[in-house]
Engineer: 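Have a look at this one before I ask anything.
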Amino acid sequence: MSLKVETREKQEVKKPYTRIAVIRLRGIPDTPPDVEHTLNLLRLRKKFTCVIIDERPDYLGMLEVVKDWVTWGEIDADTLALLLRHRGKLIGDKPLTDEWLQKFGWKNIEEFALAYIMGKVERLTCPENIPVKKVDGKLPCIPKLKPFFRLHPPRGGLKSIKKPYSIGGDLGYRGIAINELIRRML
């Protein structure tokens, strides 16, 4: 019996998923239908668009399908804060500001980004039609935040959008080097 109790306790403790930034690097022409559908599900409809996802097996399978069209890696809190500050947009194309987050209990964008990376906040954007309750006086998401970020082409250019990152190109998994690419694209 004690073995069953221990396994239940282990199952209840959830390890937070690693946060992954995904950037679409290739355009629309000649996109196969299955890749185009997966890019739509990831909300990567245009070139140089970025989304933040977690490391669930479902998302990892989607990344395997679109690996020749996107690059991805683990994002850190500082880069996420810069991304939210410079490229975070609310519905109506209004910029995301510290004042907007202060309405919902957060001090600033950096505090929210750190909480998201640490796993204290599960999602960036709030669902539209579902009311969300505050936790410890803070809303666990950002209301009316667009779920994607439009970026500039990277300063200094790209090496190759036809080769994987592992052999000198830009596509596929790049680990923490994604943070440097995002900073070049802000």
Engineer: Measuring only between side-chain heavy atoms, which start at C-beta, is L158 closer than 4.5 Å to L181?
Structural biologist: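 In short, these two side chains touch, coming nearer than 4.5 Å.
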Engineer: Can you name the residues that form a ring pair (Phe, Tyr, Trp, His ring centres under 6.0 Å) with F112, not counting sequence neighbours?
Structural biologist: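 Partners of F112 by the ring pair (Phe, Tyr, Trp, His ring centres under 6.0 Å) criterion, ordered by chain and then number, come out as W106.
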Engineer: When you measure from the side chain of R184 to the backbone N and O of P154, does any donor-acceptor pair fall under 3.5 Å?
Structural biologist: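 Here the side-chain-to-backbone pair does not exist.
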Engineer: Treating D76 as the side-chain partner and N179 as the backbone partner, does any N or O pair qualify as donor plus acceptor under 3.5 Å?
Structural biologist: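 Here the side-chain-to-backbone pair does not exist.
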Engineer: Do L25 and V70 come within less than 4.5 Å of each other through their side chains, counting heavy atoms only?
Structural biologist: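 No, every pair of side-chain atoms sits at 4.5 Å or beyond.
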Engineer: How does the hydrophobic cluster around I91 look, that is, which other residues are in it when side-chain heavy atoms under 4.5 Å mark a link?
Structural biologist: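 None; I91 is a cluster of one.
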Engineer: Between D170 and S160 (side chain of the first, backbone of the second, donor and acceptor by atom type, cut-off under 3.5 Å), is there such a pair?
Structural biologist: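 The answer is yes, because a donor-acceptor pair under 3.5 Å joins these two groups.
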Engineer: Regarding E128 and K144, does a basic nitrogen lie under 4.0 Å from an acidic carboxylate oxygen?
Structural biologist: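 No, E128 and K144 are not salt-bridged.
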Engineer: Rounded to the nearest 0.5 Å, what separates atom CZ in R26 from atom NZ in K162?
Structural biologist: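 Answer rounded to 0.5 Å: 6.5 Å.
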Engineer: Looking at CG of L82 and CD1 of I109, how far apart are the two atoms once the value is rounded to the nearest 0.5 Å?
Structural biologist: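 L82 CG to I109 CD1: 10.0 Å, rounded to 0.5 Å.
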Engineer: Could you check if a side-chain atom of R87 sits within less than 4.5 angstrom of a side-chain atom of H152, using non-hydrogen atoms only?
Structural biologist: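 The answer is yes; the side chains approach within 4.5 Å.
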Engineer: Would you check, one step at a time, whether the test side chain to side chain contact (heavy atoms under 4.5 Å, CB included) holds for L114 with D78?
Structural biologist: CA-CA 8 Å; L114 183 61; D78 295 334; over 6 Å; no
Engineer: Nearest 0.5 Å, what's the CG-CG distance between L96 and L145?
Structural biologist: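 Separation between the atoms: 6.0 Å.
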Engineer: If you count heavy atoms of other groups shown closer than 6.0 angstrom to NZ of K134, is the number above 12?
Structural biologist: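 Yes, enclosed.
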Engineer: Quick check: do C50 and L151 have side-chain heavy atoms less than 4.5 Å from each other?
Structural biologist: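 The answer is yes; the side chains approach within 4.5 Å.
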Engineer: Could you verify whether a donor N or O on one side chain and an acceptor N or O on the other, from T71 and R174, lie under 3.5 Å apart?
Structural biologist: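 The criterion, which ignores hydrogens and geometry beyond distance, is satisfied for R174 and T71.
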Engineer: Is D93 salt-bridged to K146, going by a charged N under 4.0 Å from an acidic O?
Structural biologist: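 Salt bridge: yes.
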Engineer: Using 4.0 Å as the upper bound for N to carboxylate O, is an ion pair formed by E64 and K67?
Structural biologist: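 Yes.
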Engineer: Which pairs of donor and acceptor atoms, one on a side chain in residues 32-44, lie under 3.5 Å apart (sequence neighbours left out)?
Structural biologist:
{"residue": "T38", "atom": "OG1", "partner": "D34", "partner atom": "O", "Å": "2.9"}
{"residue": "N40", "atom": "OD1", "partner": "R45", "partner atom": "NE", "Å": "3.4"}

Engineer: Would R150 and F48 count as a cation-pi pair here, with the cationic atom under 6.0 angstrom from the ring centre and within 45° of the axis?
Structural biologist: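 No, R150 does not lie over the aromatic ring of F48.
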Engineer: Regarding K138 and D136, does a basic nitrogen lie under 4.0 Å from an acidic carboxylate oxygen?
Structural biologist: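 D136 and K138: not salt-bridged.
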Engineer: Side chains of W69 and T31: does their closest heavy-atom pair fall under 4.5 Å?
Structural biologist: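 Side-chain contact under 4.5 Å: yes.
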Engineer: Determine, for K103 against E99, whether the closest basic-nitrogen to carboxylate-oxygen distance falls under 4.0 angstrom.
Structural biologist: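 No, this pair does not count.
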Engineer: Checking R19 side chain against E74 main chain: does a donor-acceptor pair fall under 3.5 Å?
Structural biologist: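 A pair under 3.5 Å: no.
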Engineer: So do L80 and I117 actually touch side chain to side chain, heavy atoms under 4.5 Å?
Structural biologist: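 Yes - at least one pair of side-chain heavy atoms lies under 4.5 Å apart.
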Engineer: Closer than 3.5 angstrom, by distance alone: can the side chain of R123 be matched with the main-chain N or O of C126 as a donor-acceptor pair?
Structural biologist: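 Not a single qualifying donor-acceptor pair exists.
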